[in-house]
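Sequence positions, counted from 1, serve as the residue numbers for this chain.
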Amino acid sequence: MKTSVLFGTLAFAGLAAAGASAATLDDVKARGKLNCGVNTGLAGFAEPDASGEWRGFDVAICRAVAAAILGDPSAVNFVSTTGKTRFTSLASGEIDVLARNTTWTFSRDADLKFDFVGVNYYDGQGFIVPKSLGVTSATELDGATVCIQTGTTTELNLADYFRVNDMSLEPVPIETEAEARTQFLAGACDAYTTDRSGLAAVRVAYPNPDDYVILPETISKEPLGPLVRHGDTEWGDIIRWTYYALVAAEEYGITKDNVEELAAAPGDNPEVNRILGTEGELGAMLGLDSDWAKNAIAVNGNYGEIFADNLGENTQIDLARGLNALYTEGGLQYAPPFR
């Protein structure tokens, strides 16, 4: 989810970020584990399954990075973070990267001293209501009680939307996704607001999903993506280009099923060869082995496969790609050249 924080917390985290030693490639290699900050539990993005194994779209990014650096997608320590704790966890060095559906904003970049390495999910804020409420538009929520996660940009967007539309609001503060589901289902609020992807994810977990409606309005821009601390550009490059390798793999038809074959028998596409490390020295430029990107792709496949298996057609959530389609398909996902 999106998130910002009260300015006091922003200032604290910004100072902490400036003083914390940046996570480095050597640190992660010496530890033998990537410390990755994720959600406390949001279907499709990051949540432990019945056996305690973390799964989801953001989890797949963490595992791809671990495979690129350490050659082992299981070498990840997942750290649950809330809207309030995630920035402190990153600034303090508790985690190396935050991969927790977090919105890229000016203040988080400039004031908190974090670097967003890319946008892995283009989203926007919406509302969900019980069908029995009889509401068909967010403009009909004047005077409504609205469950809202604290420490998020959702809070600010909600206040702005109601102000612009001259409506009154009674916010019901919550801290985690689990609490949001419980409170909303219990009738503690008329509506719940968060990223539309999050609404779709929580809706399918309800006992009777058809009893709830996601309203049509999208009231904000929410570019979500992984972030690291300022001060270690080399580390940021590794996260950034691992993500771009997944996007480029989809564009060039590299999948989890054919990646090993393509690497073993290089073809006549030099871009594919450079991505897979059979041509050029791109891995060395990042301080990684030549097969870093191949290892990242082999874990859960390319960007499209990761999307389909966690959020898209292969799931109950069944989100359309929309803006998250490749640029060749009318979307915004686009990887710079590997050369």
Side-chain angles (χ1 to χ4, degrees), residues 25 28-29 34 57-76 97 99 116-122 223 225-226 233-315 319-339:
L25 178 60
V28 174
K29 284 185 173 180
L34 173 73
F57 182 80
D58 291 332
V59 169
I61 299 296
C62 298
R63 295 199 186 281
V65 171
I69 298 170
L70 302 168
D72 181 2
S74 67
V76 185
V97 58
F116 285 78
V117 301
V119 179
N120 65 2
Y121 194 97
Y122 290 91
T233 55
E234 291 81 5
W235 176 248
D237 285 344
I238 290 171
I239 309 299
R240 177 180 299 107
W241 285 98
T242 299
Y243 159 63
Y244 281 142
L246 302 177
V247 175
E250 180 181 8
E251 178 179 355
Y252 292 107
I254 309 170
T255 70
K256 58 187 172 186
D257 291 330
N258 68 17
V259 64
E260 296 291 351
E261 179 183 349
L262 291 173
D268 56 5
N269 188 323
E271 186 85 343
V272 171
N273 295 341
R274 287 191 291 267
I275 291 170
L276 298 182
T278 60
E279 184 175 323
E281 300 292 336
L282 299 188
M285 296 178 192
L286 292 173
L288 303 178
D289 294 337
S290 60
D291 59 358
W292 65 280
K294 184 207 76 172
N295 292 340
I297 298 164
V299 181
N300 290 295
N302 61 44
Y303 178 89
E305 290 176 292
I306 291 171
F307 191 103
D309 290 345
N310 292 285
L311 298 169
E313 65 230 40
N314 298 336
T315 71
L319 288 172
R321 288 286 292 270
L323 294 177
N324 295 295
L326 293 180
Y327 77 103
T328 53
E329 302 294 330
L332 297 178
Q333 291 297 341
Y334 184 107
F338 280 73
R339 59 182 315 117

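- Shown here for Val76 and Ala66, the closest heavy-atom pair between the two residues is CG2-CB, 3.4 Å.
- How far OG1 of Thr278 is from NZ of Lys294: 10.5 Å, rounded to the nearest 0.5 Å.
- Ring geometry for Phe57 against Phe307 counts as perpendicular: the plane angle is over 60°, on a 0 to 90° scale with 30° as the lower cut.
- A donor-acceptor pair under 3.5 Å is formed between the side chain of Tyr243 and the backbone N or O of Val119.
- Residues Pro226 and Gly118 approach most closely at CD-O, 4.0 Å, considering heavy atoms.
- In this structure a side-chain-to-backbone donor-acceptor pair under 3.5 Å is present from Glu305 to Lys256.
- A heavy-atom distance below 4.5 Å is not found between the side chains of Asn295 and Asp289.
- Tyr303 contributes a side-chain N or O that, together with a main-chain N or O of Asn120, makes up a donor-acceptor pair within less than 3.5 Å.
- In this structure, the side chains of Ile254 and Val259 come closer than 4.5 Å at one or more pairs of heavy atoms.
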Carefully, step by step, assess Glu251 and Tyr334 under the rule side chain to side chain contact (heavy atoms under 4.5 Å, CB included). CA-CA 9 Å; Glu251 178 179 355; Tyr334 184 107; over 6 Å; no
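- Looking only at side-chain heavy atoms (C-beta outward), Leu332 and Asn324 stay at 4.5 Å or farther from each other.
- Scanning all heavy atoms of the two residues, the minimum distance from Cys62 to Leu34 falls at O-CD2, 3.5 Å.
- Between Arg321 atom CZ and Leu326 atom CG the span is 5.5 Å, to the nearest 0.5 Å.
- Asp58 contributes atom CG, which lies 11.0 Å from atom OH of Tyr121 (distance to the nearest 0.5 angstrom).
- Of all heavy-atom pairs between Thr315 and Ala308, the closest is CG2-O, 3.7 Å.
- Contact annotation: the side chain of Ile239 approaches that of Trp235 to within less than 4.5 Å [non-hydrogen atoms, C-beta and beyond].
- To the nearest 0.5 Å, atoms CD1 (Ile306) and CZ (Arg63) are separated by 11.5 Å.
- Tested against Ile69 for a side-chain contact (heavy atoms from CB on, under 4.5 Å), the candidates Leu288, Leu286, Thr242 yield a single pass: Leu288.
- Smallest separation of non-hydrogen atoms from Ala249 and Asn302: CB-CB, 3.6 Å.
- In this structure, CZ on Phe338 lies 13.5 Å from CG on Asn273, to the nearest 0.5 angstrom.
- Using a 30° and 60° split on the angle between ring planes, Trp241 and Tyr244 fall in the perpendicular class, above 60°.
- We find the CG-OG1 distance between Asn300 and Thr255 to be 12.5 Å, quoted to the nearest 0.5 Å.
- The closest donor-acceptor contact from the side chain of Asp291 to the backbone of Gly71 lies at 3.5 Å or more, if one exists at all.
- Of all heavy-atom pairs spanning Ala67 and Val299, the tightest one is CB-CG2, 3.5 Å.
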